Amino acid sequence: MPENTAQALVIVDAEGNYYVLPREVVETARAAPEARETIREHLRDTAHVPLADGYSFAGVLRLAPGDEMAHYTPEASWPVATTTS
């Protein structure tokens, strides 16, 4: 096995579609520390479900299009939470 292996997070939806998110993509979407409490509030009382390699599933954010956490950054094509509400 190669020493420099790449890591990717793989998720699957209810229809059986797989999504491969390279670690670099996941790292780019990291929320700012000051947004943690806001994210927890949106997730409500969900428990973390351990996955693999240090990742856990925390829940699904359901955000209205106008929510400040749903805004897109010019650098990425996914939401990046940076502020608290």
Side-chain angles (χ1 to χ4, degrees):
M1 189 162 182
E3 288 182 30
N4 294 330
T5 59
Q7 188 180 46
L9 182 64
V10 179
I11 58 175
V12 61
D13 65 20
E15 295 174 355
N17 298 303
Y18 285 87
Y19 303 86
V20 179
L21 305 169
R23 185 171 188 94
E24 296 80 12
V25 171
V26 174
E27 291 293 328
T28 302
R30 182 187 312 212
E34 59 270 15
R36 289 179 183 165
E37 189 56 38
T38 302
I39 293 168
R40 286 186 194 112
E41 289 171 11
H42 281 285
L43 291 174
R44 298 194 179 94
D45 293 325
T46 60
H48 288 216
V49 178
L51 298 174
D53 291 327
Y55 287 101
S56 294
F57 177 75
V60 175
L61 291 177
R62 299 185 195 286
L63 304 172
D67 190 293
E68 72 179 61
M69 289 181 57
H71 290 230
Y72 292 88
T73 68
E75 299 86 29
S77 58
W78 47 84
V80 179
T82 56
T83 61
T84 57
S85 1

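Everything numeric in this text was worked out from a predicted model, so none of it was measured.
In terms of the side-chain contact (heavy atoms from CB on, under 4.5 Å) criterion, residue partners of Y55 (sequence neighbours excluded) are, by chain and number, Q7, L9, R23, V26, L51.
Here the closest heavy-atom approach between residue I39 and residue A31 is recorded as CD1-CB, 3.5 Å. Scanning all heavy atoms of the two residues, the minimum distance from S56 to P50 falls at OG-CA, 3.8 Å.
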Donor-acceptor list for residues 13-22 side chains, cut-off 3.5 Å, not counting sequence neighbours:
from : atom 1 : to  : atom 2 : distance (Å)
D13  : OD1    : E15 : N      : 3.0
D13  : OD1    : G16 : N      : 3.1
D13  : OD1    : N17 : N      : 2.9
D13  : OD1    : N17 : ND2    : 3.3
D13  : OD2    : N17 : ND2    : 3.1
D13  : OD2    : Y19 : OH     : 2.7
E15  : OE1    : N17 : ND2    : 3.4

